[in-house]
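Proteins come first, then strands; the chains are lettered A, B, ... in the order of their sequence lines, and each starts at number 1.
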Amino acid sequence: MEGIEDDVGHVPLLEAEEEEEEGRRPLRLRGSYLGIFGSTVFLVSMAALIIYQGHDYYDEAKIENKGNNNNNYNKVPRGVAEGVSAKSNSFLSETTPYNWTNAMLSWQRTAFHFQPERNWMNDPNGPLFHKGWYHLFYQYNPFSAVWGNITWGHAVSRDLIHWLYLPEAIVRDMWFDINGAWSGSATLLPGGEIVMLYTGYTHQQVQVQNLAYPADASDPLLLNWVKYAKNPVMVPPPGIGPNDFRDPTTAWFGPDNKWTLTLGSMLNDSGLSLVYKTTDFINYELNDHFLHVVPGTGMWECVDFYPVSINGSVGLDTSANGPGVKHVLKASLDDTKLDYYAIGTYFIENDTWIPDDPDLDVGIGLRLDYGKYYASKSFYDQNKQRRVLWGWINESDSEVADITKGWASLQTIPRTVLYDKKTGTNLLQWPVEEIESLRLSSHEFKELLVKPGTVVPLHIGPATQLDIIAEFEIELLGSEGIVNNVEGCGVGAVERSAFGPFGILAIANDQLSELTPIYFRLSNYGNGTSTTTTTTTTSTSFCVDETRSSKAPDVSKQVFGSKVPVLNDEKLSLRVLVDHSIIESFAQGGRTVISSRVYPTEAIYGAARLFLFNNATDINIKASLKIWQLNSAFIRPFPFHDTQ
Amino acid sequence: MTNLKTTTTLFFFLFLIVMTSLPSITLGDEKLIESTCRQTPNFNLCVQSLKSFPGSATADVRGLGLIMVKVMQSKANDAINKIRELQRSAPSPALTSCASKYNAIVVGDIPEANEAFSKGMPKFAENGANDAANEATFCENGFNGRSPLTQQNNAMRDVAAITAAIARQLL
């Protein structure tokens with residue numbers, strides 16, 4: 001701006017000059033006078049324009065906080081749309097300082113979900129089964145309970161439930177990963193070799209793909225890994241940004257006798273998946289077209305691509321193909337921190353994929369999980385012929401709590417993934433059957449009646465480590481033909497309507513001052529004989545309401561949920577895994593899944609209870625449940641000192 | 001007459017020089033700062049904060065983010081100093097709570113945001129910055145309307161919000 005000021009400073013000089021010359025040769029003077037005056041005006045107005053432009057308005061509209069930010073405390077709850085939560089504003093009315101006690105924080109640690117002993121974890125990496133052991137690697141910060149210093153943590157298990165910690169597998173010690181050993185996947189070759197491809201962030205701040213392999217393939221624990229000396233094996237191709245190139249998938253073998261893999265990227269806010277081919281995992285060719293692209297979805301992280309059998313009974317090897325096979329494409333959207341999937345057809349001739357329903361394309365359609373969930377990754381478990389899915393569950397509390405308790409983040413219980421042949425539109429996710437090995441005592445309830453506006457306690461003993469399977473029947477009360485066009489989850493379980501909400505209250509206390517409702521909400525209900533119009537359709541939403549999960553003001557408390565398809569011959573069913581500060585809820589056999597984090601201050605330890613509730617106005621509910629106490633998985637360091 | 005001619009010529013030369021150099025002075029180095037700050041909740045504070053660091057004129061958006069993290073550090077230090085001062089004269093549970101919140105900002109949020117900007121993972125910078133804004137807000141709320149730290153909390157929250165908005169631009 002200095003130039004402008006200097007300029008303006010020159011104007012007085014001109015005026016002084018004019019005064020001196022006044023009276024002499026009037027005609028000529030007037031001409032030059034006009035010229036000077038005109039230029040001055042022009043100059044000053046230019047200056048004014050530039051200064052004004054510099055301090056112009058700013059576009060506040062661009063700062064909308066998209067998506068599932070766990071620390072989003074808007075002052076006004078948004079209107080609830082399908083699958084989108086109304087964000088809690090309750091914290092602003094809390095005025096007393098909140099103090100987390102050690103008891104409250106210690107309680108939050110889970111009993112049977114995978115988490116490291118301490119510090120930060122994020123994406124699951126390179127899951128595989130090898131020589132009798134399931135392996136899980138994960139993004140890990142060895143030093144702090146926040147993201148940073150990322151290396152590959154490592155753990156093994158015989159059964160996907162009882163995990164044993166191992167030393168870190170991949171650390172940042174080469175120029176090609178010195179700034180980050182980020183996510184990646186394993187490919188198991190027919191001869192038994194394992195190749196691991198992972199994203200490295202180089203010393204020059206470029207995302208590249210690196211190759212690593214076990215130092216000793218006969219070691220069932222795969223303790224040590226070797227990085228290929230001439231890494232990286234893939235670098236951002238022309239046109240792709242150095243920060244838009246990461247998370248390579250497991251490769252699949254095709255009729256062209258090559259291995260193909262894909263990884264996510266973006267161009268001009270269109271999320272897309274690049275395709276590479278290789279025969280040796282060292283040299284790669286980039287396809288000239290993408291596997292798929294969806295405009296407006298932003299960067300695709302943690303892309304996953306795998307076949308599912310439309311017969312829907314077993315998982316498929318990543319290389320499987322043919323009639324009776326569809327392919328799932330999944331992406332984690334960087335912009336919104338949500339995981340989306342779509343079912344479609346893979347054209348192996350040119351390595352492209354299109355969704356069955358373009359309205360349900362990747363990034364705009366179905367989500368794997370409607371709660372706190374990201375960076376999921378599946379693998380083919382050749383041991384039990386199933387596709388198993390991992391997902392990262394971040395904290396929804398504040399970092400001061402994470403730092404105090406010394407850890408942050410969990411993995412879900414691994415889930416099997418199958419194509420839902422009944423609807424043809426959804427995947428079905430279900431906790432792996434090995435979780436049943438944790439079951440201890442059980443309680444069974446048959447057709448418990450829950451009238452409108454009531455809560456029924458379930459006396460099951462401790463209520464912080466549970467496996468709950470429930471079915472609900474609906475009994476219409478009174479008037480027929482009620483048309484009730486509510487959609488979605490409402491603002492939570494307090495919002496009553498004719499046919500919902502009803503379900504269970506988990507991690508609740510006796511006074512119901514803290515509770516987490518998990519519920520169904522129907523828009524209409526017709527049982528054939530009682531509807532007056534044949535055009536009544538029912539839509540069912542499945543929801544988890546965190547808004548009263550805790551009195552603490554500094555935790556995120558949202559309502560999560562989505563529509564769930566319910567077929568005519570199906571009862572409403574749910575399965576819920578309760579494990580301290582995480583609740584995983586599955587509706588209709590896993591058609592819609594919601595993972596939720598809760599941080600109660602009172603409903604902890606022996607004070608936690610389980611209830612049934614019915615907040616609908618026009619129906620009775622009959623609930624049948626089986627509820628197991630679940631043991632701890634005793635996740636601990638691998639006992640190297642024991643003779644094995 | 002000769003005087004006027006000389007003056008006029010001089011003036012027009014000056015005019016030319018200024019007109020050609022204007023664009024680079026006013027629009028060149030600062031254009032990125034301005035366009036970046038326009039997409040944050042507080043344009044003026046953003047521009048002022050960035051310009052107070054000499055490297056801002058030549059930084060890219062990621063570099064501007066890193067500078068804002070330094071600004072966050074400085075605001076956190078201000079708050080911590082004030083908290084320490086108050087802990088001597090007027091201790092309270094709310095103040096102790098604030099101390100732990102600002103500790104979390106300094107040992108957690110700021111290093112996370114710093115590393116996230118440096119290592120091209122802006123989503124974690126957004127996380128850290130958003131959390132810092134929240135910690136400052138919770139600290140403020142803890143005093144029931146009679147906070148001795150309003151100025152420091154507001155400053156922390158405002159610069160953190162700007163930092164988060166810059167991170168979002170990198171997603």
Side-chain angles (χ1 to χ4, degrees), chain A residues 1-4 6-7 10 13-14 17 20-21 24-25 28-29 32 35-36 39 43 46 50 54-56 58-60 62-63 69-73 91-92 94-99 144-149 179-180 201 205 207 242-243 298-299 334-335 337 398-400 402-404 553-554, chain B residues 1 3-5 7-8 11-12 14-15 18-19 21-22 25-27 30 34 37-44 93-94 96-98 100-101 103-105 107-109 111-112 115-116 118-121 123-124 126-128 130-131 133-135 137-138 141-145 164-165 168 170-171:
Chain A
M1 297 291 174
E2 290 79 5
I4 304 279
D6 284 352
D7 226 31
H10 276 280
L13 257 169
L14 293 169
E17 285 296 309
E20 208 185 292
E21 297 301 327
R24 296 244 225 146
R25 304 247 191 163
R28 249 204 202 172
L29 276 168
S32 328
I36 292 165
S39 316
L43 209 66
M46 273 291 298
I50 287 159
H55 291 87
D56 210 359
Y58 47 92
D59 198 358
E60 283 197 72
K62 289 197 181 154
I63 322 139
N69 186 336
N70 71 335
N71 285 316
N72 186 349
Y73 296 96
F91 90 97
L92 282 174
E94 301 283 343
T95 48
T96 49
Y98 201 79
N99 289 315
S144 168
V146 301
W147 179 88
N149 312 303
N179 278 324
Y201 200 54
Q205 307 191 322
Q207 292 172 5
N243 290 310
M299 175 68 190
D334 202 12
D335 283 0
K337 302 180 179 64
S398 67
E399 262 169 29
V400 66
D402 297 346
I403 285 165
T404 308
D554 54 346
Chain B
M1 202 164 87
N3 260 344
L4 175 62
K5 255 196 188 156
T7 316
T8 318
F11 175 71
F12 279 118
L14 203 73
F15 179 100
V18 168
M19 288 313 295
S21 60
L22 255 181
I25 290 170
T26 61
L27 300 174
E30 294 168 358
E34 285 170 12
C37 287
R38 260 188 222 114
Q39 298 171 73
T40 72
N42 194 328
F43 176 87
N44 288 333
T96 310
S97 176
C98 284
S100 70
K101 287 171 171 46
N103 179 60
I105 292 176
V107 312
D109 297 326
E112 179 180 31
E115 177 156 0
S118 322
K119 308 246 172 107
M121 273 267 159
K123 71 178 174 203
F124 291 112
E126 190 185 40
N127 261 15
N130 275 333
D131 185 77
N134 287 333
E135 303 288 0
T137 305
F138 294 133
N141 285 354
F143 288 101
N144 282 14
R168 176 136 291 267
L170 291 166
L171 286 177

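Classification of A/E399 and B/K101 as a salt-bridged pair fails, no side-chain N sitting under 4.0 Å from a carboxylate O.
The minimum heavy-atom distance between A/N179 and B/K119, with the atom names listed, is O-CD, 2.7 Å.
Contact of B/E112 with chain A is made through backbone and side chain together, with heavy-atom distances under 4.5 Å. With a 4.5 Å cut-off on non-hydrogen atoms, A/N149 touches chain B through its backbone and its side chain both. For B/A116, the parts sitting under 4.5 Å from any heavy atom of chain A are the backbone and the side chain alike.
Atom CG of B/N134 and atom OG of A/S398 lie 8.0 Å apart (nearest 0.5 Å). Put simply, CG on A/D335 and CG on B/L171 are 5.5 Å apart, with the number rounded to the nearest 0.5 Å. Taken to the nearest 0.5 Å, the CG atom of A/D554 stands 8.0 Å off from the OG atom of B/S97. Interatomic distance, CD of B/E115 versus CH2 of A/W147, reported as 5.0 Å (0.5 Å rounding).
No donor-acceptor pair closer than 3.5 Å links the side chain of A/Q205 to the backbone N or O of B/G120.
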Requested in this report: Decide yes or no on side chain to side chain contact (heavy atoms under 4.5 Å, CB included) for B/N103 and A/V400, but give the supporting numbers first.
Outcome: CA-CA 8 Å; B/N103 179 60; A/V400 66; over 6 Å; no
